[in-house]
Amino acid sequence: MTTPLLEIKDLTVDFRGRDESLKKIVRGVSLTLNPGERMGLVGESGCGKSTLQLAAMGLLPPNAEVSGSVLIDGVDILAGGEASMRAHRGTDLAMVFQGAMNAFNPTRTVGSQIVEAMVVHGGTSKRAAQDRTRDLLGLVGIPPDRAERYPHQFSGGMRQRVALAMALANHPRVLLADEPTTALDVIMQAQILELLEKLTKEFGLALLLVTHDLPIVVETCDWAAVMYSGRIVERGPIDEIHQQPTHPYTRLLFATVPGPDVDQRVASLPGVPPDASEEPPGCSFAPRCDRTIDICHNTRPQPGPIGPRHIAECHVAVPTRTRPAVREGDSDD
Amino acid sequence: MTDLLAVEGLGVEFDGGRGRGLFGRRLAGVRAVDAVSFSVNPGELIALVGESGSGKTTAIQAAARLLQPTAGTVRFQGTDLHGTSKKEMRALRRQIQLIYQDPYESLDPRYRVERIIEEPLRVHGVGSSRADRRELVLQALREVGLSPPESFLDRMPHELSGGQRQRVSIAAALVLKPALLIADEPVSMLDVSVRAGILDLLDGLRRKGLGIVMVTHDLSTAAHYADRIAVMYLGRIVETGPSRAIMTDPQHPYTQALLAAVPKMQRRTGTRALLQGESPDASAMPTGCRFHPRCPIAVDECRVVDPEIGPTGTTPGHQAACLLRRRTPTD
């Protein structure tokens, strides 16, 4: 068994309210990612996918209570607190966000901000950082002389490229991308996705891509993880998830995507996702599910194997009596 | 037959001529919309598709007389919208309603749902009593599928999901019983899982005779719900036609590129065939065909000749603005 590059183990995030109430957002999520692999993390808004990424980066506000572990090469980066996190942020894990506009200081040139990202992490002279900035811009398809320009002088798509260059500044090995193309046009989007693919192929970067756009995952990723109400309810190789979705939620999610046949009806998912804090005794998807059996309403399904590295949390897809005892994460090894 | 809405040769120019920049420098006019023509019939859904900056929102704003166009005419049920007095326009406003992309911003956060939907009735003096207006509000809520409607009257916008908010904004548009609905990216801010619900709602309204103009950047949404699609690039309609023809037999290289860039539900082998660069700024309009700098099949002529839109000869009503489009003998 080899140690994966990134392993998230039983990660749980609660937000403590001002009245000391606890809002549960992420409930025991586990996943692994190896160098060069691309995983799409999908689910409706509010399912916890962005929070999961921010927790892995150690970027959640102080009222967030995080438990579980985020291991890079088997070393838990959450264990050492903020000081240890700083050493890993940018170098092991880096992140790009949806609104690339907000990632920059509008009053300084983009080049100086990328240089700063490198100098702050130490170990590099300003001169070397400047050279690398030009290389990075070239890598993401921006003429290096534009380093002297200000953020507002870039279009949305170009700014997302610059954000990507900044994320790559300290040679991260895992890139967390939160809806990086959502604000962009299809053509820009295709360019950014092409670039992300190139980075994973050429540099062995591992990519955890949060998106609500399933076709992007099918087209770009090796793995898919489907989140619902704070949990990963199904994950596995993208071909299996796409062609034989096992969890009813995954199946319904795929049915909401307009297909190539213009006469085919597009489904919508009835109801709204529950608040993860409520934690019903049974499956949290049961109220919206079209395949429930009795057990779904009173017992929470545990992760069960569908195939090698393919797991689903569903009583119907993985009947309890045929379910071997699987600890979360085991079948990933 | 008179079209419900007929837009002819619409042009919108910003800062045209008189505008002065910092230090009194004369600003070049930016032609955001140029020679745009389209029409909508009752019971028809037309989609304007294009990248951001292609002028699609500006075009519909001018079509709804929220902006003064610099060229062209907009006729609504035969009446020239930009030639009517403000008073006449007020009456026509009831007939033309708009909904916007972001239901988080388009609903007043301080008002309850009832007040939000009732507001247009008050403004237009519809309904003689509160009870009257409440009945109309309930009817509108029913129409947009918020049931039981009574349970929504006292809710605040923040208590609603994104899909419900968009339904409330559609209810506020429908309460005046308009003939034309203009929807600017009605689902792009919403979760994928609720998009189809909103689009089905619009589709149902269309079937009842409402004419709809929908602006979207999503070709697949347009393909599934629109009768006709108009593809815009840098302020111009470069291709238009029945949705099926646009999707299965696109004639303009830009439309072809857009379709190629839409992520498909299949694993891709090899790299994406991509248009390089991005659409230029409308203030730096290329010569000749505005698409030529990015066009993979451009010939010398494209640099000088600005192609007019004309029939492709493939499907009736299918038109493209490309010198290299198929030419029919009658063309």
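Bear in mind the structure is a predicted one, so any value in this text is a computation, not a measurement. Note on naming: letters A, B, ... go to the chains in the order of the sequence lines (proteins, then strands), and numbering restarts at 1 for each one.
The CD1 atom of A:I187 sits 12.0 Å away from the NE2 atom of B:H217 when rounded to the nearest 0.5 Å. Of the inter-residue distances, the one linking B:M265 atom CE with A:H242 atom NE2 reads 5.0 Å to the nearest 0.5 angstrom.
Of the atoms belonging to B:R195, it is side-chain heavy atoms, and not backbone ones, that fall under 4.5 Å from chain A. In this structure, the portion of B:M247 lying under 4.5 Å from any heavy atom of chain A is its side chain and not its backbone. Proximity to chain A involves both the backbone and the side chain of B:E51, based on heavy atoms less than 4.5 angstrom apart. When heavy atoms are compared at a cutoff of 4.5 Å, B:S161 approaches chain A solely by way of its side chain, counted from C-beta outward.
With hydrogens and angles disregarded, a donor-acceptor distance shorter than 3.5 Å links the side chain of A:E219 to the backbone of B:K264.
Your options are A:L184, A:L193, A:T220, and the one with the most heavy-atom pairs under 4.5 Å with chain B is A:L193. Most heavy-atom pairs under 4.5 Å with chain A: of the set B:L199, B:I198, B:T221, B:D200, this distinction falls to B:D200. Highest contact tally toward chain A, considering only B:S193, B:A257, B:A261, B:A223, is held by B:S193 [criterion: heavy-atom pairs under 4.5 Å]. Comparing A:V257, A:D239, A:L214 by heavy-atom pairs within less than 4.5 Å of chain B, the highest count is held by A:D239.
Looking at every heavy atom in both residues, A:Q189 comes nearest to B:P263 through NE2-CG, 3.3 Å.
Within a 6.0 Å radius of CZ in B:R294, other residues, nucleotides and ligands contribute more than 12 heavy atoms.
Screening A:V266, A:T211, A:T256 for a side chain to side chain contact (heavy atoms under 4.5 Å, CB included) involving B:V192 leaves a single residue, A:T256.
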